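Structure first, commentary second.
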Amino acid sequence: MEKAYDPQKVEGKIYQYWLDSGVFDAEINPDKQPYCIVIPPPNVTGVLHMGHALDETIQDLLIRWYRMRGFEALWVPGTDHAGIATQNVVEAQLAEEGLTRDDLGRENFVARVWEVKEEHHGTITAQLQRIGVSVDWRRERFTLDEGLSRAVREAFVTLYEQGLIYRGARMINWCPRCGTGLSDLEVQREETQGHLWYIRYPEPDGGPGVVVATTRPETMLGDTAVAVHPHDERYADMIGKTVILPLMEREIPIVPDDYIDMEFGTGALKVTPAHDPNDLEIAQRHDLPSILVIGLTGKMTEETGPYAGLDRYDCREKVVADLAQLGLLERIEDYVHTPGQCQRCDTVVEPLVSTQWFVKMAPLAAKGLAAVDSRKVSFIPERWTKVYRDWLESIEDWCISRQLWWGHSIPVWYCDDCGEQTCARSDPTRCAHCGSEKIRQDPDVLDTWFSSALWPFSTLGWPDETAELDYFYPTSVLVTGYDIIYFWVARMIMMGMHLVGREPFGEVFLHGLVRDEHGQKMSKSRGNAVDPIGLMDEYGADAMRFALAQLITHGQDVTYAPDRLVGARNFGNKLWNASRFVIMNLTDAAPVDLDTVELSLADRWILSRHSRMLAQVDRQLAGYNLAQAADAIYEYVWSEFCDWYVEVAKTDLYGDDAARKATVQTILRKLLSEILRAIHPFMPFITEDIWQRFAPDEGSISRQQYPQAEETWRDEEVEAQMGLLQAVTTEIRTLRAELKINPGQPVTVSIIAPDEAATSLVASQRQAVCSLAAVEQLDVATAPADAPSDAISAVTGGVQVYLHLAGAIDVEKEAARIQKEIAEIEQDRLRSKDKLQNPDFLNRAPAAVVNKERAKLAGFDQDLEKLRAQVKRLSSISR
RNA sequence: GGGCGGAUAGCUCAGUUGGCUAGAGCGCCUGCUUUACACGCAGGAAGUCGCAGGUUCGAGUCCUGCUCCGCCCA
């Protein structure tokens, strides 16, 4: 084995080995319990970012853990066609060639997108493989492949037949740049510095009329009323009268409506039903007409007369200028507002009434809520349940049609003869209503999230009643970021409940988003995105995974911390070298039966700690506390196994006692075997590589059993005893360090223990202490006639440690050091003493807590007494 | 406007039902080629746990209010 672990050399080979040996393949196995995760499908044209790295790390960790615990673990991979996002990517490519999608025509354009898809598919899957994803590649799916298209079709037709999908004219969000309608979720609001224009609408008889305030003066061309609050005294006598809409010279009514906020602007609201959802509601209450003034390309419609054909922003300027000219522009104020923007291109969207396809959400939302109320689905962390509930409880119908070319076609045909719709599972040749052959398919495609909503069951074969669906559905857990609870999680739950009749997954683990080192959201446009591939090139996939695992705490955003990568990489190297050491020393190992052979204190201690660690990892992983699980392993492996046990074991490994040697070898083999397996879900590559050297005949570590905590090894007493020895050892080391005695230079130490038990403990472990602290001669006594006069001293747990010096000691310095220690302990002692003098504490605190406090105080007293004696001794020396 | 999350060592963060003498990684200081590892070893310094109240024998942990930062919804 090399002196240092080199991830670049092994990761590629190991992944190939896994693929070749089929260890990730899952089968339907009635003898095993299924455990299934479907991957949140990355956009097929996307590149891997830190969010994926985090998401895949968690899922792979869980899948590998369950697989090793004997579950039939299936992780289904796949990619998403990502309708609008992908279409935009390809359109941007075309733009560079000076082309638009219309130049190509629909068929050629879609063919082109498929080409791009094929190109990118290899990239994203190769990148996923770098992370080490243990997915069953045989089952890979694509949201636009044949099977999933059939699922989409089935879902659409079913919902259509049930009246849950309908076509209608409603207020939607329109992106003039993308040229498509959007759902409410695809609109993002960002604070923008704008203006508030105050415009006077005079009365027909030339009276002053009312002044309205608006952030969008161009929409006034479509105004059909002015609304005021019914209790607004300023306008009491205006209600029921009319005013003249300037520029259009249209007479419009003043209507009373409770919706009006009297504080805002002048308290008078211009009503543009075609371009504002609230205005539309007011219009419906007052039976007002609606006039579409901004068209689908963002240009003014024919309804706007002289303004027709103008871009909406140019029109705004002209309207404002014209109003100023007429003397009807009262004033302009700066104003911060939050216009909706297209999630994909940031263009300000236009709310407008349009005929689109919608999913009727109320009945589905009820099922989605029931799934959570009945605990069929639970969120981790739990607080997201409320976010989910709040959304479903006030949900609007979902606009699912998109005026795009890349996506699932809407399976509806319109009849030119009778005008009816035909919605069918297979393409019809004639109208289902009149039999006419003059039918045309709806040109629109579906929102990409419609197919995503079916993902957990469509990937398992739905709508067919496949064995996979039967065995693996409902899946076990969904792992994703909290940013797509509405987009994806909620819709999967609703669709699963409604279409399959069962929840798509039992648990939803929502993790945070990855931010840069300054806590900023990572994004391409900010230029602060960290490339996970670069990290893996530099530190290795295992280091990245482990670092991420250490940062995953419940729902908290993850701040990228380069330091963590270094720490994780170092940990991998530590594991590598500890393994190297163990493997090197097992050459002539003859295993012994640990249940019958005599074990040393250190043996029993490490077995106890080991067992404790495994229990901890188990508990923390079960609760999705990945960071705590990772830390438990890290801490144990480095600070206990390596720092103490391996060091103690060296004495036996290099010694003459064959029995002891065999025992230690047996323990090291067991521990290493279990450590490797315990770490494998976190760091799959390095553990596999070591495993192949450690146990070459046993096949992939990914198929070994996950180690279980063995309660019988737990031993509090042994842990306490070892704790004392560790404290003594550390004291000797501290004294050495203070005197700057080199590690190679052996010293003589006297130990004075407070009682027989401690004395025999230290005496029996003399060899270990000597080796750990490089002590040549160690004397142990219960109570010496005289404290050594040529030594400096320290006290721990009632045990006095004297380090003998060849020459005279620096009495001043030594006294100062001890005084400082006394002062520190004194503080703690006082706090402890106060507590124990408080009768309420004695009466009300549990006995165990009180006893613990008493022991603590006794310990302080004991140490203080000894330290004071030492001060006395020093002063006698100085005389 | 409503809701949620965060504020703990120089930095990034742990701290599960209140018992803590508040931890880790990185950084910092001192010493060390100790034959697994300098991606290392040993030792050390460093925190009024955002602020103000309250509950309690006991609060980083529970309650109330406030400040600042971030996010979501309207």
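For clarity, every value in this text was computed on a predicted model and none was experimentally measured. By convention in this document, chain letters (A, B, ...) are assigned in the order of the sequence lines, proteins followed by strands, and residues within each chain are numbered from 1.
- Among the atoms of the strands shown, base atoms are found under 4.0 Å from some heavy atom of D828(A).
- Among the protein residues, R580(A) comes within range of the sugar-phosphate backbone only, with heavy atoms under 4.0 Å from sugar or phosphate atoms but none that close to a base.
- Contact of K3(A) with A38(B) (side chain to base): no donor-acceptor pair of N or O atoms is detected under 3.5 Å.
- Residue E647(A) is in base contact, counting any heavy-atom pair closer than 4.0 Å across all strands shown.
- Residue contacts for M584(A): at a heavy-atom cut-off of 4.0 Å it reaches the sugar-phosphate backbone alone, with no base atom in range.
- Judged by distance alone with a 3.5 Å cut-off, no donor-acceptor contact links the side chain of R831(A) to the base of U21(B).
- Using a 4.0 Å heavy-atom criterion, one finds that K856(A) contacts the bases of the nucleic acid, with or without backbone contacts as well.
- Judged purely by distance below 3.5 Å, without hydrogens or angles, the side chains of Y636(A) and H610(A) pair a donor atom with an acceptor atom.
- Distance CD1/I741(A) to CD1/I732(A): 11.0 Å, rounded to 0.5 Å.
- Taking the ring centroids of F379(A) and W384(A), they lie at or beyond the 6.0 Å cut-off.
- Residue N573(A) has its side chain nearest to C37(B) when only C37(B), G43(B), G19(B) are considered.
- Backbone-only contact: D643(A) has heavy atoms under 4.0 Å from sugar-phosphate atoms and none from a base.
- Counting heavy-atom neighbours within 6.0 Å of E719(A) CD, excluding the residue itself, gives a total above 12.
- In this structure, V849(A) reaches the bases: a heavy-atom distance under 4.0 Å links it to at least one base atom across the strands shown.
- Donor-acceptor pairing under 3.5 Å, judged by distance alone, is present between the side chain of K574(A) and the base of C37(B).
- For F860(A), the listed nucleotide lying nearest its side chain is U21(B); candidates were U21(B), G44(B), C71(B).
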- Message: Let me check I have this right: for RNA chain B, each base becomes ., (, ), [, ] or |, based on Watson-Crick or G-U pairs with both distances under 3.5 Å. What is the full string?
- Response: (((((((..((((.....[...)))).(((((.......))))).....(((((..]....)))))))))))).
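- Contact annotation for V582(A): no contact, since no heavy-atom pair falls under 4.0 Å across all strands.
- Within residues 626-638 of chain A, the residues having any heavy atom closer than 4.0 Å to RNA chain B are, in order of number, Q628(A), Y634(A), W638(A).
- For the C1' atoms, the distance from G15(B) to U61(B) is 9 Å, rounded to whole Å.
- Residue Y486(A) is classed as a sugar-phosphate contact, given heavy-atom separations below 4.0 Å to backbone atoms only.
- Note on Y654(A): only backbone sugar-phosphate atoms sit closer than 4.0 angstrom, heavy atoms only; bases stay farther off.
- P839(A) comes within 4.0 angstrom of no nucleic acid atom, judged by non-hydrogen atoms across all strands.
- Nucleic acid contact for T730(A): sugar-phosphate only, since backbone atoms but no base atoms lie under 4.0 Å from a heavy atom of the residue.
- The P atoms of G65(B) and C73(B) are separated by 26 Å, rounded to the nearest whole Å.
- Between A42(B) and A36(B), the distance separating the two P atoms is 14 Å to the nearest Å.
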